[in-house]
Visitor: 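There's a structure below that I have some questions on.
Because the structure is predicted, anything quoted here is derived from the model rather than measured.
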Amino acid sequence: MNHLDLIKRNLFKREEVKEAFGFGGSFYINCKRSRERRKLFEAEAASHGIRPLRVEGFEPTEEEVEALGFTEWKLKRRVFGQVGCAVSHFTIIAEAKRLGLPSVLIFEDDATFCEGWEKGIEHLSSELEAMEHVLDWDMVYLGGVPHGVKHPRISSAFFRSLGMWCTHAYAVHEAFFDSFLEWGTKQIASIDSKMFHQAHLFNFLFYREPLNFQRDGESLIAGRQINRGGVIQNAYDSFPR
């Protein structure tokens with residue numbers, strides 16, 4: 001068994017999927033039990049002019065985790081959530097491919113939207129379109145934690161990602177759908193770790209400033225950190241504007 005054997009298929013009709021800020025569609029992942037997160041995310045997203053379709057987060061059984069090759073109990077305890085997250089992301093990409101979407105925006109339900117999000121995503125989208133004749137992009141992070149400060153700047157709007165943590169908000173181009181799904185045929189636990197370590201092989205970008213954080217403002221993984229003075233900073237602060 002692999003991750004793709006566990007994905008949910010044929011979730012939506014083509015007419016249900018609406019273009020969003022220049023992208024072919026938008027989706028978000030939310031587990032059945034996380035009702036409060038669902039309410040918070042949907043309300044905040046709608047206030048910023050976007051209504052992503054909900055994809056129910058996958059929650060694997062112990063048998064399914066074992067069938068994926070995670071057989072040591074201590075390891076299984078760590079990867080239940082990671083496997084569920086990965087399968088959920090593969091589900092969206094498989095659905096986007098089936099529906100023939102040119103690109104897709106993906107959110108997790110703990111993503112929060114920065115002030116001025118609409119203006120930022122419109123600029124991001126228009127800059128991607130303007131670069132199409134000189135750059136093929138595979139994926140764009142809307143937020144996260146860039147590893148180090150050596151990411152090359154490729155335009156006024158984008159850095160080339162050589163390693164970014166977090167999958168709470170990002171966009172994927174249709175040219176990358178097959179490569180993305182190929183990951184699902186291998187044994188992986190954490191999808192963001194897979195993206196991090198594969199970044200140098202593909203055209204992964206990140207926008208010049210974060211558009212989405214995770215809701216937990218004190219988490220370094222959310223792209224934020226608390227300094228000794230109690231001021232929230234973000235992981236992009238060392239990058240030139």
Side-chain angles (χ1 to χ4, degrees), residues 2-60 64 83-114 117-126 128-129 132 137-143 166-185 191-192 195 207 211-212 214-215:
N2 61 48
H3 290 72
L4 300 190
D5 295 323
L6 300 174
I7 65 175
K8 301 173 183 178
R9 301 178 184 274
N10 303 331
L11 300 178
F12 303 102
K13 297 179 180 179
R14 183 62 182 86
E15 58 268 24
E16 294 179 279
V17 183
K18 307 300 182 183
E19 182 178 322
F21 294 94
F23 296 93
S26 61
F27 302 85
Y28 81 99
I29 298 165
N30 169 255
C31 291
K32 184 183 296 185
R33 65 179 183 275
S34 301
R35 296 179 181 177
E36 190 60 33
R37 277 190 175 189
R38 178 178 181 176
K39 291 179 182 178
L40 285 171
F41 177 84
E42 289 187 351
E44 188 173 357
S47 73
H48 288 279
I50 187 170
R51 296 180 182 273
L53 293 171
R54 178 179 177 269
V55 172
E56 186 172 308
F58 181 75
E59 299 182 73
E64 287 167 334
V83 167
C85 180
V87 171
S88 301
H89 285 265
F90 291 132
T91 296
I92 293 175
I93 296 298
E95 191 72 355
K97 179 182 177 181
R98 182 183 70 83
L99 295 171
L101 303 184
S103 57
V104 62
L105 286 170
I106 300 174
F107 301 93
E108 295 174 352
D109 64 3
D110 61 348
T112 188
F113 293 72
C114 296
W117 187 88
E118 302 97 314
K119 184 177 180 180
I121 197 70
E122 286 175 352
H123 181 252
L124 181 155
S125 181
S126 64
L128 285 178
E129 183 177 0
E132 279 187 345
W137 65 277
D138 294 317
M139 193 164 69
V140 179
Y141 289 91
L142 307 187
C166 244
T167 54
H168 61 283
Y170 64 103
V172 184
H173 191 277
E174 62 178 338
F176 190 60
F177 288 169
D178 285 339
S179 294
F180 196 116
L181 291 172
E182 177 66 20
W183 292 345
T185 66
I191 188 67
D192 65 328
M195 291 178 179
Y207 190 53
L211 299 181
N212 295 88
Q214 285 180 299
R215 194 164 284 112

Visitor: Assert yes or no for the condition that the ring centre distance of Trp183 to Phe177 is strictly below 6.0 Å.
Guide: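 Here the rings of Phe177 and Trp183 have centres that are no less than 6.0 Å from each other.
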
Visitor: I'd like to know if the side chain of Glu108 pairs up with that of Thr167 as donor and acceptor (distance under 3.5 Å, no hydrogens or angles considered).
Guide: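 Side chains of Glu108 and Thr167: pair found under 3.5 Å.
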
Visitor: Less than 4.5 Å apart, side chain to side chain, heavy atoms only: is that true for Thr112 and Glu44?
Guide: yes

Visitor: When rounded to the nearest 0.5 angstrom, what distance separates CG in Leu99 from CD in Glu15?
Guide: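 Result: 9.5 Å between the selected atoms.
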
Visitor: Can you measure from CZ (Phe41) to OG (Ser34) and round to the nearest 0.5 angstrom?
Guide: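 Phe41 atom CZ to Ser34 atom OG measures 13.0 Å (nearest 0.5 Å).
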
Visitor: Taking the six-membered ring for Trp, are the ring centroids of Phe12 and Phe27 within less than 6.0 Å of each other?
Guide: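 For Phe12 and Phe27, the ring centres are under 6.0 Å apart.
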
Visitor: Can you tell me if CZ on Arg51 sees more than 12 non-hydrogen neighbours from other groups inside 6.0 Å?
Guide: no

Visitor: With rounding to the nearest 0.5 angstrom, report the NZ to CG distance, Lys39 to Asp109.
Guide: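 Going from NZ on Lys39 over to CG on Asp109, the span is 13.5 Å.
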
Visitor: Closest heavy-atom contact between Val17 and Gly25?
Guide: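 Result for this residue pair: CG1-CA, 3.7 Å.
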
Visitor: Counting only heavy atoms from other residues, nucleotides and ligands, does the tally under 6.0 Å from CZ of Arg14 exceed 12?
Guide: yes

Visitor: Under 3.5 Å, side chain of Ser179 to main-chain N/O of Phe176, donor-acceptor pair present?
Guide: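 Answer holds: no.
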
Visitor: Would you name the heavy atoms of Ile29 and Gly57 that are closest together and state the gap between them?
Guide: CG2-CA, 3.8 Å

Visitor: For a quick test of reading the model, state the closest non-hydrogen atom pair linking Pro60 to Val83 and the distance between them.
Guide: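 Taking Pro60 first and Val83 second, the nearest heavy atoms are CG-CG1, 4.1 Å.
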
Visitor: Test Phe90 against Phe180 for ring-ring contact (aromatic ring centres under 6.0 Å, His included), laying out the working first.
Guide: CA-CA 8 Å; Phe90 291 132; Phe180 196 116; 5.7 Å; yes

Visitor: Please check this pair: side chain of Asp192 against backbone of Met195, looking for a donor-acceptor N/O pair closer than 3.5 Å.
Guide: no

Visitor: Can you see which heavy atom on Asn212 is nearest to which on Ala111, and at what distance?
Guide: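 For Asn212 and Ala111, the tightest heavy-atom pair comes out as ND2-CB, 4.5 Å.
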
Visitor: What distance do Cys114 atom SG and Leu142 atom CG have between them, rounded to the nearest 0.5 Å?
Guide: 10.0 Å

Visitor: For side-chain contact (heavy atoms from CB on, under 4.5 Å), just list the numbers for Val172 and Leu105, CA-CA rounded to whole Å, side-chain angles, deciding distance to a tenth of an Å, and then say yes or no.
Guide: CA-CA 7 Å; Val172 184; Leu105 286 170; over 6 Å; no

Visitor: Enter the distance from Ile92:CD1 to Leu11:CG here, rounded to the nearest 0.5 Å.
Guide: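 The distance works out to 9.0 Å.
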
Visitor: Looking only at side-chain N and O atoms, does Gln214 offer a donor or acceptor that is under 3.5 Å from a partner on His168?
Guide: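 No, Gln214 and His168 have no side-chain donor paired with an acceptor closer than 3.5 Å.
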
Visitor: Could you check whether any side-chain N or O of Ser125 sits under 3.5 Å from a backbone N or O of Glu122, counting only pairs where one atom can act as donor and the other as acceptor?
Guide: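 Answer holds: no.
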
Visitor: Salt bridge or not between Lys97 and Asp178? Use side-chain N to carboxylate O under 4.0 Å.
Guide: yes

Visitor: Kindly indicate, with the supporting measurements, whether the criterion ring-ring contact (aromatic ring centres under 6.0 Å, His included) is fulfilled by Phe23 and His173.
Guide: CA-CA 9 Å; Phe23 296 93; His173 191 277; 9.6 Å; no

Visitor: Any ion pair linking Arg9 and Glu95 (charged N to carboxylate O, less than 4.0 Å)?
Guide: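 No, this pair does not count.
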
Visitor: Does a donor on one side chain and an acceptor on the other come within less than 3.5 Å for Arg37 and Asn30?
Guide: no

Visitor: Just by modelled atom types, is the Lys13 backbone N or O under 3.5 Å from a matching donor or acceptor in the Glu16 side chain?
Guide: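 Here the side-chain-to-backbone pair exists.
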
Visitor: What is the minimum heavy-atom distance between Glu118 and Gly49, and which atoms define it?
Guide: OE2-N, 4.5 Å

Visitor: Under 6.0 Å between ring centres, would you say that holds for Tyr207 and Tyr141?
Guide: no

Visitor: Check the pair Leu6 / Glu64 against side-chain contact (heavy atoms from CB on, under 4.5 Å), numbers first and verdict last.
Guide: CA-CA 8 Å; Leu6 300 174; Glu64 287 167 334; 3.7 Å; yes

Visitor: For the ring pair His89 and Tyr170, is the centre-to-centre distance below 6.0 Å?
Guide: yes

Visitor: Which atom names give the shortest non-hydrogen contact between Val87 and Ile7, and what distance separates them?
Guide: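 That closest heavy-atom pairing would be O-CG2, 3.8 Å.
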
Visitor: Would you give the length of the straight line joining atom NZ of Lys8 to atom OG of Ser88, rounded to the nearest 0.5 angstrom?
Guide: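 Taking NZ in Lys8 and OG in Ser88, the distance rounds to 7.0 Å.
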
Visitor: Would you indicate whether the side-chain heavy atoms of Phe107 and Ile50 approach each other to under 4.5 Å?
Guide: yes

Visitor: Let's go through Ser103 and Trp137 carefully: what are the C-alpha distance in whole Å and the side-chain angles of both, what is the deciding distance for side-chain contact (heavy atoms from CB on, under 4.5 Å) to 0.1 Å, and is it a yes or a no?
Guide: CA-CA 11 Å; Ser103 57; Trp137 65 277; 4.3 Å; yes

